[in-house]
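In what follows, a single structure is set out as structure tokens and then discussed.
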Amino acid sequence: MKTHFYSLLFIFSAHLVFGQDVQKAIGLYETNKLTEASKILRTIGENSPKYEKSQFYLGRIAFDNEDFVQAQEFFEEVVELNGNSSEYQYWLGNAMGRLAQESNFFKQGILAPQIKSAYERSVELDPKNIDASWGLVEYYTLAPGVMGGSWEKAEKTARAIYVLDKLQGHNALATVYLRQEKFSLAEQEYIKASKLDQRFVFTLGYFYQNQKTFNKAFEVFENEVRKNPENIAALYQIGRTSALSGERPDLGIRSLNEYLNQPINDDIPSHSAALMRKGMIYEKIGETTKAKTYYSQSLAKDSEMNLAKEGLDRLSK
């Protein structure tokens, strides 16, 4: 009886210790201490009740380190241990998807049905897993028809996302329409998204820049400056629109000058980028000397500003 008691006590203690170890490793992982987390997770043996979770996080670490072969191996193991986890299936699809991007056409053909299957199984297990639904949208819109790509399925999945989250649904539908080159439909979805979330105001503006609908891009970013003058990133985008189009140079230069007078952080374009855009505007309007000056100033702040290098090269020929 006493032996049985001590056996149970050992099992309970081991379970507690293993659980603490895994939780500590997860905490390290979440603070981006991947090496430290990996060392702990690799000590968890197959007989531990926490082995499944340890292998999952080892897969996440491999994925973050862009070792997609190893990530796939870890996620395949946890799916084998528990095939009814939507999260596991989703991450297996992610790993194989990233691996396919780095593979030749033959390997992509092998991986394609497995990627599709993993995402579809993930959504089947949890229809509210929006990330997995996004994985399917990406797959259906990027894969060729012979590998299971489908505009119809992509739009259907995007509409399912809309039911769960209107903002993400608009974004997903815009993605589908954009890749189909149905630009007017994509525009409408971005407009709807921008009314729900201010961040999509910039997405809408970028869309107009990419479509070379510069008058609409100016309108979007000018409205943003009027409504939210503290959002100085809109000033940069007015300058960028002018630099890309050659239109409204006075407005572009004035906006970039105002931007250059503001302190910035890493979340918005650098002052080097703003100087480069000024150079582009002056180049577009034929003021070569000023263009060279601003390209040089841009490179003085950031020697890796390639667009400034290219501008100087063009003007030096």
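The shown structure was predicted, so the numbers you read here are calculated from the model rather than taken from an experiment.
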* Pairing residues for Arg199 by the salt bridge (charged side-chain N to carboxylate O under 4.0 Å, His left out) criterion, not counting sequence neighbours ->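 With neighbours one apart ignored, the set is Asp197.
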* Dump the intermediate steps for ring-ring contact (aromatic ring centres under 6.0 Å, His included) on Phe63 and Trp91, then the final yes or no. => CA-CA 9 Å; Phe63 188 93; Trp91 279 101; 5.2 Å; yes
* **Gln108 side chain to Ser103 backbone, donor-acceptor under 3.5 Å** =>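 Checked: pair present.
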* Asked: Counting only N and O atoms by type, is there a donor-acceptor contact under 3.5 Å from the side chain of Lys309 to the main-chain atoms of Ser303?
  ->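 Side chain of Lys309 to backbone of Ser303: a pair is present.
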Taking C-beta and beyond as the side chain, do [X] and [Y] meet within less than 4.5 Å on heavy atoms?
X	Y	result
Tyr295	Met305	no
Gln211	Glu187	no
Leu34	Asn32	yes

* Trace of the side-chain contact (heavy atoms from CB on, under 4.5 Å) decision for Gln89 with Asn82 -> CA-CA 9 Å; Gln89 296 282 358; Asn82 180 4; over 6 Å; no
* To do: Could you grab the distance from atom CD of Glu258 to atom CD1 of Ile253, nearest 0.5 Å is fine?
  =>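 Between atom CD of Glu258 and atom CD1 of Ile253 there are 14.0 Å.
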* To do: Using a cut-off of 6.0 Å, state whether more than 12 heavy atoms not belonging to Glu152 lie near its atom CD.
  =>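 No, the 6.0 Å shell around CD holds no more than 12 heavy atoms from other groups.
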* Asked: Which pair of non-hydrogen atoms, one from Met147 and one from Gly109, has the smallest distance, and what is that distance?
  ->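 Minimum heavy-atom contact is CE-CA, 3.7 Å.
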[X]: which residues meet the side chain to side chain donor-acceptor pair (under 3.5 Å) condition with it, sequence neighbours left out?
X	value
Asn171	none
Tyr294	Lys278
Ser38	Arg42

* Asked: Quick one: is the NZ or CZ of Lys53 closer than 6.0 Å to the six-membered ring centre of Tyr57, and within 45° of its axis?
  ->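 Geometry flag: not set, cation outside 6.0 Å or 45°.
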* For the pair Tyr88 and Phe75, evaluate ring-ring contact (aromatic ring centres under 6.0 Å, His included) and give the outcome as yes or no after the intermediate values. => CA-CA 6 Å; Tyr88 293 172; Phe75 294 137; 8.1 Å; no
* With sequence neighbours excluded, tell me which residues meet ring-ring contact (aromatic ring centres under 6.0 Å, His included) with Tyr259. =>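 Only Tyr236 meet the ring-ring contact (aromatic ring centres under 6.0 Å, His included) criterion with Tyr259.
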* Asked: Can you get from Ile232 to Val220 by hopping between Ile, Leu, Val, Met, Phe, Trp and Tyr side chains that sit under 4.5 Å apart?
  ->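 Same cluster: Ile232 reaches Val220 through Ile, Leu, Val, Met, Phe, Trp or Tyr contacts under 4.5 Å.
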* Would a hydrophobic clustering, with Ile, Leu, Val, Met, Phe, Trp and Tyr connected at side-chain separations under 4.5 Å, put Phe200 with Tyr162? ->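 Different clusters: Phe200 never reaches Tyr162 through Ile, Leu, Val, Met, Phe, Trp or Tyr contacts under 4.5 Å.
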* Asked: Relative to each other, are the rings of Tyr206 and Phe221 parallel, tilted or perpendicular (30° and 60° limits)?
  ->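 Correct class here is tilted.
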* **Residues that, via side-chain heavy atoms closer than 4.5 angstrom, fall in one hydrophobic cluster with Tyr177** =>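 Once heavy-atom contacts under 4.5 Å are chained together, Tyr177 belongs with Leu173, Leu185.
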